[in-house]
Number of protein chains: 2
Amino acid sequence: MHYLIDDTARMPANWREAFPEGLWRRRTEHVAASARLCWVRLLPGELPAQLVPTLNLPANFVILADAPSEAITVQALEVGAAGCCNTYAAPDVLRQVDVVVANGGLWVGRSLLQHVLASTQRILEKKAESAPQDWQLLLSGREITVAQLVGQGASNKEVARQLDIAERTVKAHLTAIFEKLQVRDRLQLSLRINGVRD
Amino acid sequence: MHYLIDDTARMPANWREAFPEGLWRRRTEHVAASARLCWVRLLPGELPAQLVPTLNLPANFVILADAPSEAITVQALEVGAAGCCNTYAAPDVLRQVDVVVANGGLWVGRSLLQHVLASTQRILEKKAESAPQDWQLLLSGREITVAQLVGQGASNKEVARQLDIAERTVKAHLTAIFEKLQVRDRLQLSLRINGVRD
DNA sequence: GCAGCCATTGGACTTTGGTACAAATCCAGG
DNA sequence: CCTGGATTTGTACCAAAGTCCAATGGCTGC
């Protein structure tokens with residue numbers, strides 16, 4: 001049997017859809033030790049380390065976060081959760097989590113996993129510090145200028161005005177930049193040159 | 001259909017049991033592009049980065065290692081694999097990997113995951129002190145979720161798929177977010193939530 | 001000189017992002 | 001019961017972003 005421990009006002013529809021027979025419980029209510037899996041929903045801003053010790057949970061439980069983050073997930077697993085996922089994850093995903101956990105696995109969402117693995121990779125390579133501005137080496141002078149402005153949030157029109165060139169030219173530079181840096185649009189360019197890891 | 005790309009002498013019994021209809025292939029042989037999942041077995045001492053580029057693999061493939069390690073797994077995902085697991089994993093586990101990958105997930109074994117998460121924890125502790133997220137206080141739960149995804153570079157379509165809602169809804173949330181945070185587009189939103197100062 | 005890169009621009013086009021206006025459900029609190 | 005916020009979706013429309021093909025002129029190095 002599945003349990004959803006949730007002190008918010010409304011039960012997420014996707015969970016109900018994933019587990020039509022699942023039971024909704026307040027944090028103060030009892031959960032059978034025989035529960036197959038217990039889903040614990042965090043309140044906004046709450047962290048697993050604050051909540052979990054206050055509850056009497058069965059062996060298998062999973063944290064549900066409305067706004068999951070790397071910090072929440074790591075902490076969830078640290079306090080014994082078998083996984084952490086978005087409260088609003090699709091029903092298929094929820095059922096998938098169930099299957100993985102039932103087989104003794106740990107569940108971590110794809111984006112987080114990539115995030116974490118990317119961090120690990122940097123540790124393994126220890127390259128992070130050596131090449132802070134590698135992208136500049138791949139671009140021509142003008143392209144660097146355009147990339148910096150776009151990276152700060154400027155529109156094509158603004159870049160054009162500031163550099164006194166046609167908007168069309170800005171687009172041409174951007175197309176070249178995207179190709180050279182292997183990014184698909186200005187937002188990912190911004191993340192790249194501002195050193196935001198994802 | 002499942003394929004096992006394996007140049008060793010014997011086909012692992014567990015794989016045969018997990019996918020009775022699966023096809024065993026040498027590395028030189030052709031794999032249908034319509035393959036559901038392609039399992040690639042590493043030879044002893046071999047690394048994914050050496051092998052994968054030499055093969056013509058479909059979109060979804062998983063690395064099988066007789067002796068999996070953190071290095072092998074990270075490298076496997078780096079070169080595009082959807083997961084990495086022990087060649088001799090139980091049939092149930094193999095089928096589980098299949099399900100996860102079929103749903104767009106990445107699969108990483110439990111022990112590796114714990115290992116990697118432990119490393120990540122240290123980085124997070126440093127990051128946590130620096131930036132209190134004021135913007136989160138202005139948004140509803142769902143809006144926070146959308147803002148985070150967009151801030152990481154996701155397109156409207158990707159956000160919609162990930163949250164299992166219509167693209168139109170993503171736009172509605174974004175319009176509300178822009179208004180509340182007083183930014184004009186997704187790029188400036190990204191700068192705001194990633195704490196980039198200009 | 002000529003090949004090659006850089007910077008520039010145009011026209012035509014497709015895709016994506018964002019807004020306006022509207023409306024549905026659910027649920028909380030008065 | 002009714003109001004108001006949160007979440008969801010629709011149609012339609014406009015603007016911005018991005019691509020493709022093509023061209024010009026400047027500069028450098030062989």
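Naming: A, B, ... by sequence-line order, numbering from 1 per chain.
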Among the nucleotides [options], which one has an atom lying closest to any side-chain atom of [X]?
X: A/Ile165; options: D/dT9, C/dC6, C/dT9; answer: C/dT9
X: B/Glu167; options: C/dC6, C/dG17, C/dG18; answer: C/dG17
X: B/Leu174; options: D/dT9, C/dG18, C/dA7; answer: C/dG18
X: A/Arg186; options: D/dG18, C/dG17, C/dC6; answer: D/dG18
X: A/Lys157; options: D/dT8, D/dA16, C/dC6; answer: D/dA16
X: A/Arg142; options: D/dT7, C/dG18, C/dA7; answer: C/dA7
X: B/His173; options: D/dT7, C/dG10, D/dG18; answer: D/dT7

* Using the closest heavy atom to pick a nucleotide of DNA chain D for each, name whichever of B/Leu139 or A/Arg184 lands nearer the 5' end. => B/Leu139

* Centroid-centroid under 6.0 Å between A/Trp24 and A/Tyr3 rings -> no

* C/dC5 P sits how many Å from A/Leu138 CG, rounded? -> 15 Å

* Structure fact -> note: B/Leu187, atom CG; D/dA15, atom P; distance rounded to Å ~ 21 Å

* To do: Say whether B/Asn156 and B/Arg186, considering side chains only, have a donor N or O and an acceptor N or O under 3.5 Å apart.
  => yes

* To do: Measure the acute angle between the ring planes of A/Trp15 and A/Trp39, then classify it against the limits of 30° and 60° as parallel, tilted or perpendicular.
  => perpendicular

With a 3.5 Å distance limit and no angle check, can you tell me whether [X] reaches the backbone of [Y] through a side-chain donor-acceptor pair?
X: B/Glu29; Y: B/Arg26; result: yes
X: A/Glu143; Y: A/His173; result: no
X: B/Gln188; Y: A/Gly153; result: yes

* Is it true that atom NZ of A/Lys157 has more than 12 heavy atoms of other residues, nucleotides or ligands lying nearer than 6.0 Å? -> no

* **Short side-chain N/O contact from B/Thr175 to OP1 or OP2 of C/dG18, under 4.0 Å** => no

* Under 4.0 Å between a side-chain N/O of B/Asn156 and OP1 or OP2 of C/dT16, yes or no? -> no

* To do: Just do the salt bridge (Lys or Arg N to Asp or Glu O under 4.0 Å) check on B/Asp92 and B/Arg95 with the steps written out, would you?
  => CA-CA 5 Å; B/Asp92 277 350; B/Arg95 278 189 291 260; 2.9 Å; yes

* To do: Classify the nucleic acid contact of A/Ser140 as base, sugar-phosphate or nothing, counting any heavy atom under 4.0 Å across all strands shown.
  => sugar-phosphate

Can you pull every protein N or O that's under 3.5 Å from an N or O on nucleotides 22-28 of chain C?
| residue | atom | partner | partner atom | Å |
| --- | --- | --- | --- | --- |
| C/dA28 | OP1 | A/Ala9 | O | 2.9 |

* What pairs meet the salt bridge (charged side-chain N to carboxylate O under 4.0 Å, His left out) rule with one or both residues in residues 46-67 of chain A, with sequence neighbours excluded? -> A/Arg27-A/Glu46, A/Arg41-A/Asp66

* **Rounded to 10 degrees, the angle between the two terminal axes of the helix from C/dG1-D/dC30 to C/dC27-D/dG4, each from five pairs** => 40°

